[in-house]
Each structure stands twice: as C-alpha cells, then as structure tokens.
Amino acid sequence: MHRWSKLFVPTLREVPSDAEVASHKFLLRAGYVRQLGAGIYSYLFLGQRSVNKIIAIVREEMDLIGQEFLLPALNPAEIWQESGRWTGMGQNMFRLQDRKGAWLALGMTHEEVMTDIARKELRSYKQLPQIWYQIQTKFRDEPRPKSGLLRVRQFLMKDSYSFDIDAAGLDRSFDLHDQVYRKIFTRCGLSFVAVEADSGAMGGSQSQEFMVYTEAGEDLIASCACCGYAANMEKAVSRLAPLQDLAPTGDGQPELVFTPGKGAIADVAEFFHISPAQDVKTVAYMVETKSAKGESVWHPVAAFLRGDHFVNETKLLGLLGGSDLRTMQAEELETWFRGPAGYLGPIGLAPAASLLDGKLNVIVDAALEGRTNMVCGANKLDYHFRNVTPGRDFSWTIAADIRNVAEGEGCPTCGAPLKVAKAVEVGHIFKLGYKYTESMGARVLDPNGKEVTPIMGSYGIGIERILTAAIEQGNDPNGFWLPPSIAPFDVVVTITNVSDAALLAAGEKVAADLEAAGFDVLLDDRNERAGVKFKDADLIGIPYRVNIGKKVAEGKVELVRRASAASEDVEMAGIALALSNAALPA
RNA sequence: CGGGGCGUAGCGCAGCCUGGUAGCGCAUCUGCUUUGGGAGCAGAGGGCCGGGGGUUCGAAUCCCUCCGCCCCGACCA
C-alpha cells in the first residue's frame with residue numbers, strides 16, 4: 001500500500017503551455033512525467049509504475065515465444081557500415097566519437113547487433129528458429145519531436161528479431177508475433193486495429209502495423225467497417241466508382257484549346273464544364289536514388305493522375321526505389337516539359353523506356369488506364385488539350401497505383417465505403433528477408449550440409465506509446481482513466497477528512513482489505529479538503545476510487561468508477577468483493 | 001531545414017509598442033478557522049526578466065547575436 005501523503009505526485013492545476021495533445025497535458029498534470037528537453041522526458045513515480053506494468057505484460061507474453069536479451073545502446077559504427085545503414089539512416093541516428101576518434105552510434109533499432117550475434121554463433125539449421133527480444137531505450141534524432149510523448153528522441157521499445165531457415169519459417173515467426181501482439185494490446189486495454197503497412201526504410205516484404213485510432217495520431221488509416229479491411233494510407237487501395245467518360249468533340253482527336261489563366265484543376269474543370277475527374281493532373285518531381293556507395297542521383301519524374309486524386313509520395317518513392325523527392329523547379333519543368341506549371345501535360349513527352357534510365361520517367365496512375373476523352377495541360381502557357389485518351393495520345397514508362405485513397409471510396413475487398421481516420425502506431429511487425437543476414441554474412445548449414453542465409457523478421461512495440469495511446473482513448477476535461485492492467489494503481493482510497501479519526505481508521509482498514517485481496521492500492525491520507533482529493537483522483541488515471549466518507553457511520557463506503565463516474569454504496573466489509581466484481585479480469 | 005510563436009517567481013500570465021529600477025492569479029511557508037468537488041482571513045518567502053554584447057545617465061522594455069521550447073510544413077522501422 002502506498003500512502004499519498006508520503007509520495008511525490010506533483011499534480012498541476014493549470015495546463016502547461018507547451019502541451020497540445022491530451023496525453024501530453026495529462027501526463028504532465030498528473031505528475032507522470034516531466035520534460036528535460038525537446039523529445040526527452042523523465043518518468044516520475046506514477047509514470048514509471050504504469051510503464052512497468054506495460055513491460056510486465058509485454059514480457060510475459062513475449063516469453064511464450066522468445067528469449068529476452070539485453071543489448072548495448074552504444075554501437076560501433078562498423079556494424080552499421082556493414083549493413084549499409086551508417087549512411088542509409090541519414091541524420092536520424094545519433095552519432096558520437098570516443099576519445100580515440102572512433103565513431104559510435106546510439107542504437108535506434110538493433111538489427112545489426114542481433115545479426116552480429118547470429119552470425120558469430122549460429123551454425124546449423126538445428127539451432128533455428130530463434131526469436132530474440134529486448135526491452136530497451138532507443139534513440140532517434142527526430143527532425144521534429146512533437147505531440148508530447150508521441151514522437152520523442154529517446155524511448156522504450158520492445159524489439160524482437162526472428163531467424164529462420166526459410167520463408168515458411170519466417171511466416172510462422174511472423175504469425176506468432178501477430179498473435180502475441182494482439183494478446184498484448186488486448187491485455188493493455190487498447191482498442192486497436194492491425195493494418196497493412198509500407199515497410200519503409202527497413203527493407204522487407206510483408207509488413208503490418210498495430211494502430212490505435214486517435215486524433216493525435218500522425219498516420220492515416222483507411223478501413224472498412226463491413227469486412228475489416230484496414231491499411232495505412234501509404235499502402236491502402238480502393239475500388240473507384242465507374243465514371244462516365246466525356247463524349248468526344250469534333251473529330252475526336254486531341255484539340256488545343258485556349259484556356260487563359262486556367263492553371264488550377266478547379267479552374268480548368270469550370271472552364272470546360274467538366275468534373276475534375278475528367279481532367280489529368282500533372283505532378284512533376286525530382287526523385288533521389290542512392291548508389292551503393294551512398295552517392296545520390298536525381299531523376300526526373302512526371303506523374304499523371306485523375307484531377308481529383310492526390311499523389312501518395314510514399315507509393316511513388318517505393319515504385320522508383322527512391323530515397324527522397326522534391327517537386328521540380330521552373331527551370332526543370334522547362335527542360336522536361338517545355339511548359340510552365342499549371343499547364344503541364346503528358347502529350348509530346350518522351351518517356352523513358354524503363355525506370356531510371358536517364359530519361360523522363362512517366363508514371364501514370366492506374367486510375368487513368370482505360371479512360372477516354374480527358375482534358376490535360378498542353379505544356380504551353382494558357383493552353384489545354386481535350387479529347388485526350390491515355391494510351392492512344394500518350395504513352396508512359398509505367399502505370400501503377402500512386403494515389404491516395406480517399407474517404408468514401410470502395411473497399412478493395414468488399415466494395416463498402418472506406419473510412420479514413422487518424423491513428424497512432426503502437427506496434428509494427430515485418431518480414432525483413434535477407435537484408436541484414438546477407439550483408440553481414442550470417443550463414444548456417446542446412447540438412448544437406450549446404451550453406452544458407454537465415455531469413456529475418458523484425459517486430460517492435462512502443463512501450464510508452466501504449467500509455468499515451470490509452471490516455472488518448474480515455475480522457476475527459478477532468479483527467480483520464482487507464483485500463484486497470486496498466487494503471488499505476490487499481491484503486492485510490494480517498495479518506496475525505498483525515499482529521500476524523502473514525503474515517504482515518506476506516507480508510508486504513510479498507511485499504512488493507514483491498515491490498516490483501518490483491519489490488520494495488522493508493523491510500524489518499526493527505527490532510528487536504530475532499531474536493532482537492534477528488535480532483536486529483538479524477539486526474540491521475542486510476543480506474544477506481546473508494547470514498548471513505550460520512551456513510552462510514554452506517555458501515556458503508558462508496559465505490560466510484562472513473563470512466564463512467566458511476567458510483568454505488570457498498571458495505572465496508574465487502575469492498576474487496578465489490579471491487580473484484582466491478583473490475584474486469586486482467 | 002523552411003514558416004510562425006514564445007522565453008518575466010514552481011505553474012499560468014501581465015508589463016515591452018511609448019526606457020525610469022518588476023506585478024497579478026494559483027502554488028509554497030506560518031498562524032487561526034474550515035473539511036464531499038481545487039476553502040477563508042492574516043502574515044511571509046521566492047526573480048542575474050533565457051545567455052552574451054551594444055545603445056543610453058538609466059534596459060525586462062530599443063539594437064545585434066547566440067541558446068532553448070512549442071506549433072505548421074518538410075521529415076518520420
């Protein structure tokens with residue numbers, strides 16, 4: 001039992017001015033955390049208790065499928081150079097030099113360290129599969145730490161890594177993690193959704209994120225309430241409603257039309273009395289790729305899509321294998337289009353025969369295929385073409401899905417309207433493949449005595465994000481409530497007036513009974529007015545409260561649920577049973 | 001890295017434009033009263049006004065510069 005009068009729980013009445021999102025405000029106000037620098041936080045008593053409960057759940061579940069390691073945060077540059085990520089990770093990795101001038105990095109993830117162990121120790125297929133995990137601090141020099149505790153520079157992560165003899169084994173390891181993650185997030189009381197995701201800079205194939213819906217999230221998720229389809233916007237696809245193409249005019253061939261000052265999609269649509277969907281949008285990029293030596297090369301890219309659609313730059317980069325992109329400058333537009341922004345179009349371009357062969361990469365969004373009689377820019381100031389039919393009037397290097405899915409479009413599996421909402425990522429599992437084992441030279445002998453490269457998977461959980469996501473899911477203007485499984489205490493016993501000896505004694509008794517029944521109990525024995533204690537109790541996230549008040553004279557106390565504010569009077573002697581009945585099984 | 005904002009007591013802020021030696025609310029400490037939704041009265045403590053430089057008789061205030069933090073964007077296993 002912890003007595004509040006002896007604890008350091010610095011609650012704040014006023015909202016710190018730096019805090020924007022709910023979880024940030026309340027973590028500060030409830031005395032869970034304090035900020036040390038941008039994206040750097042200290043966890044105080046309550047915060048640390050909650051984090052410890054989360055870790056305990058994660059550890060308990062992970063131990064069913066893997067083995068916990070403790071790995072160094074300080075990594076010699078060499079292993080990162082071997083994997084190619086010393087340069088590949090760019091500025092996001094904290095780097096430092098030791099007294100001899102040797103370069104080191106603070107680990108932002110541990111593929112390299114795990115693979116180093118694997119290559120030195122694993123010799124035979126008989127040793128596989130292996131699942132190794134760690135729960136440790138990771139460092140990332142984020143371009144912009146933000147949203148309070150949601151994007152920080154130092155954070156706790158559970159990371160696991162699987163080594164298998166073949167792809168079928170990797171499938172099993174991946175599925176094991178999928179199942180365990182669902183149990184972990186469920187036990188932590190989160191309402192989450194598993195989505196298809198882009199595998200990003202980590203490399204690899206199948207990738208799945210575990211997302212919690214919240215307005216504070218940085219990711220957009222497209223989901224279908226009907227069949228359960230859900231995907232990150234970077235990966236989401238949709239079915240489009242059939243469109244009526246325009247009827248051709250004149251001889252049906254592209255016709256140059258004077259469109260003075262109509263450089264924007266909306267203006268063009270209005271000018272021709274068409275919907276933006278009948279227009280071809282042109283977006284011109286310079287896309288960077290990196291050579292093996294880390295040198296960057298920039299490639300011109302012309303992307304065409306429906307006027308009412310938007311480019312998804314992640315999809316575009318993935319298609320080209322690019323590392324970065326920016327839109328073209330005016331001089332570059334002149335070079336590749338011979339036309340100005342606002343009037344760019346696909347007709348007359350010389351598309352590269354294959355991607356990145358030095359010529360203009362012309363990429364057409366899949367939604368343009370099969371369309372006829374569209375409108376597009378003429379690569380000439382104040383002129384557009386009409387009667388433009390993709391394939392007949394212009395060609396391309398490649399057609400692919402490069403657009404953003406929009407709310408209301410059809411689910412790709414069942415056709416029902418998709419919903420698009422913000423979410424925060426709490427976990428990510430994906431199949432790495434051979435990227436690290438190959439580059440770092442991990443080899444084992446297979447049953448035939450042949451040397452083979454093990455295949456890897458990588459699986460992360462953001463420990464503190466579970467806490468922040470839970471707060472985002474359960475808060476009101478007075479504070480928040482955590483699921484009992486991850487709350488710092490199950491229940492706070494509030495003695496409304498400690499100068500009343502009878503109430504004080506009753507509070508001690510109730511707290512002792514609850515503790516004996518296995519609950520984590522916080523006894524609010526502070527010499528404060530009842531109102532102050534109620535406000536604090538509502539603020540700090542504890543799911544249940546027992547009020548020790550006037551009804552003690554009748555042998556009764558009051559049990560209050562934080563989330564609903566519902567309260568009931570219960571016999572003092574039966575409080576432990578009453579709370580057991582109220583609390584959901586952990 | 002681009003754009004914007006902020007930095008004055010533990011927290012929230014005013015003062016700055018128009019220079020004259022720092023103030024309000026909450027919190028803290030002491031005493032008395034109070035005790036079911038952030039109490040009342042009386043008293044007290046607490047500030048290199050983010051750092052450095054400059055202008056001036058005089059700088060929180062004007063100028064230069066550096067640092068830090070927040071927001072938008074870029075970015076982001």
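Each chain gets a letter, A, B and so on, in the order its sequence line appears, and its residues count up from 1.
- If you check distances only, the side chain of A/Glu558 does reach the base of B/rG36 with a donor-acceptor pair under 3.5 Å.
- Of the listed nucleotides (B/rG36, B/rA77, B/rG38), B/rG38 has the atom at the smallest distance from the side chain of A/Asp536.
- Salt-bridge annotation for A/Glu61 and A/Lys183: present, with a side-chain N of the basic residue lying under 4.0 Å from a carboxylate O of the acidic one.
- For the residue pair A/Lys431 and A/Tyr459, no side-chain donor N or O sits within less than 3.5 Å of a side-chain acceptor on the partner.
- Spacing of P atoms, B/rG50 relative to B/rG38, comes out at 35 Å, to the nearest Å.
- A straight line from CG of A/Leu149 to P of B/rC70 spans 11 Å, rounded to a whole angstrom.
- Here, B/rC11 and B/rG7 have their C1' atoms 15 Å apart, quoted to the whole Å.
- Counting any heavy atom pair closer than 4.0 Å across all strands shown, A/Lys550 reaches a base atom.
- Between the base of B/rG25 and the side chain of A/Glu14 there is a donor-acceptor pair shorter than 3.5 Å.
- Put simply, CZ on A/Arg34 is 14 Å from P on B/rG10, counting in whole angstrom units.
- The nucleotide B/rA42 finds its pairing partner in B/rU30, both defining distances of the Watson-Crick or G-U wobble pair being shorter than 3.5 Å.
- With a cut-off of 3.5 Å on both pairing distances, the Watson-Crick or G-U wobble partner of B/rG68 is B/rC6.
- Of the candidate nucleotides B/rC75, B/rA77, B/rG37, B/rG37 has the atom lying nearest to any side-chain atom of A/Asp538.
- Using N1 to N3 plus N6-O4 or O6-N4 for Watson-Crick, or N1-O2 and O6-N3 for G-U wobble, each under 3.5 Å, B/rG36 pairs with nothing.
- Checking B/rC48 for Watson-Crick or G-U wobble geometry (two distances, each under 3.5 Å) identifies no partner in any strand.
- Ring to ring, A/His24 and A/Tyr41 are close: their centroids are under 6.0 angstrom apart.
- The nucleotide whose nearest atom lies closest to any side-chain atom of A/Asp159 is, among B/rA39, B/rA77, B/rC76, B/rA77.
- Taking only side-chain atoms of A/Phe534, from C-beta outward, the nucleotide of B/rA77, B/rG36, B/rG38 with the closest atom is B/rG36.
- Applying the 3.5 Å distance criterion, the base of B/rG12 shares no donor-acceptor pair with the side chain of A/Arg29.
- Here the CH2 atom belonging to A/Trp80 is positioned 4.0 Å from the CD atom belonging to A/Glu112, to the nearest 0.5 angstrom.
- Of all nucleotides listed (B/rC71, B/rA77, B/rG37), B/rA77 comes nearest to the side chain of A/Arg140.
- Here A/Glu209 lies out of heavy-atom contact (under 4.0 Å) with every strand.
- The residue among A/Lys158 and A/His24 whose nearest nucleotide of RNA chain B lies closer to the 5′ end is A/His24.
- One interatomic measurement links the two molecules: CG of A/Asp524 to P of B/rG37, which rounds to 15 Å at whole-angstrom precision.
- Remark: C1' of B/rG38 and CG of A/Leu539 are 11 Å apart, rounded to the nearest angstrom.
- Look at CD on A/Gln35: it is 16 Å from C1' on B/rG10, rounded to the nearest Å.
- For the OP1/OP2 pair of B/rA27 and a distance below 4.0 Å, the side-chain nitrogens and oxygens of A/Arg13 include at least one atom meeting the criterion.
- Nucleotide B/rG38 holds its P atom 17 Å from the CG atom of A/Asn527, rounded to whole Å.
- Residue-to-nucleotide contacts include a donor-acceptor pair under 3.5 Å from the side chain of A/Arg545 to the base of B/rG37.
- Heavy atoms of A/Asp500 sit nowhere under 4.0 angstrom from any nucleic acid atom.
- When each of A/Gly37 and A/Glu218 is assigned the nucleotide of RNA chain B with its nearest heavy atom, A/Gly37 is the one assigned upstream, toward the 5' end.
- Comparing B/rU61 with B/rU56, their P atoms are spaced 16 Å from each other, to the whole Å.
- With both ends at atom P, the span from B/rC17 to B/rG31 equals 44 Å, rounded to whole Å.
- Rounded to whole Å, the distance from CZ on A/Arg153 to C1' on B/rG68 is 11 Å.
- Taking the C1' atoms as reference points, B/rC69 lies 23 Å from B/rG53, given to the whole Å.
- On the C1' atoms, B/rU65 is 15 Å away from B/rU55, given to the nearest whole Å.
- Below the 3.5 angstrom threshold, one finds no donor paired with an acceptor across the side chain of A/Arg144 and the base of B/rC75.
- B/rC62 is paired with B/rG54 under the criterion used here, namely a Watson-Crick or G-U wobble arrangement in which both key atom distances are under 3.5 Å.
- Using a 4.0 Å heavy-atom distance criterion, A/Thr314 is classed as making no nucleic acid contact.
- Across all strands, A/Arg526 comes closer than 4.0 Å to no nucleic acid atom at all (heavy-atom distances).
- Among the heavy atoms of the strands lying under 4.0 Å from A/Ser499 is at least one base atom, whether or not backbone atoms are also near.
- Under 4.0 Å is where a charged nitrogen must lie from a carboxylate oxygen, and between A/Arg3 and A/Asp524 no such pair does.
- Between A/Ser17 and B/rC11, a side-chain N or O to OP1/OP2 separation shorter than 4.0 Å is absent.
- Residue contacts for A/Arg326: at a heavy-atom cut-off of 4.0 Å it reaches no nucleic acid atom on any strand shown.
- Side-chain N/O atoms of A/His428 and A/Gln208 include no donor and acceptor closer than 3.5 Å.
- Ranking B/rG38, B/rC76, B/rA39 by closeness to the A/Thr11 side chain, first place goes to B/rG38.
- The NZ atom of A/Lys25 sits 12 Å away from the P atom of B/rC71 (whole-angstrom rounding).
- Taking atom C1' on both B/rC16 and B/rC6, the two are 14 Å apart, rounded to the nearest angstrom.
- The base-pairing partner of B/rC24, taking Watson-Crick or G-U wobble contacts with both distances under 3.5 Å, is B/rG12.
- Atom C1' of B/rA9 sits at a distance of 14 Å from the matching atom of B/rA14, rounded to the whole Å.
- No hydrogens or angles were tested; on distance alone, nothing pairs the side chain of A/Asn497 with the base of B/rG36 as donor and acceptor under 3.5 Å.
- With respect to the salt-bridge test (charged N to carboxylate O, under 4.0 angstrom), the residues A/Glu142 and A/Arg153 do not qualify.
- Heavy-atom minimum distance, A/Ala582 versus A/Tyr544: O-OH, 3.2 Å.
- One finds a salt bridge joining A/Arg85 and A/Glu111 here, because a Lys/Arg side-chain nitrogen approaches an Asp/Glu carboxylate oxygen to under 4.0 Å.
- Within the nucleic acid shown, A/Val498 has no heavy atom closer than 4.0 Å to any nucleic acid atom.
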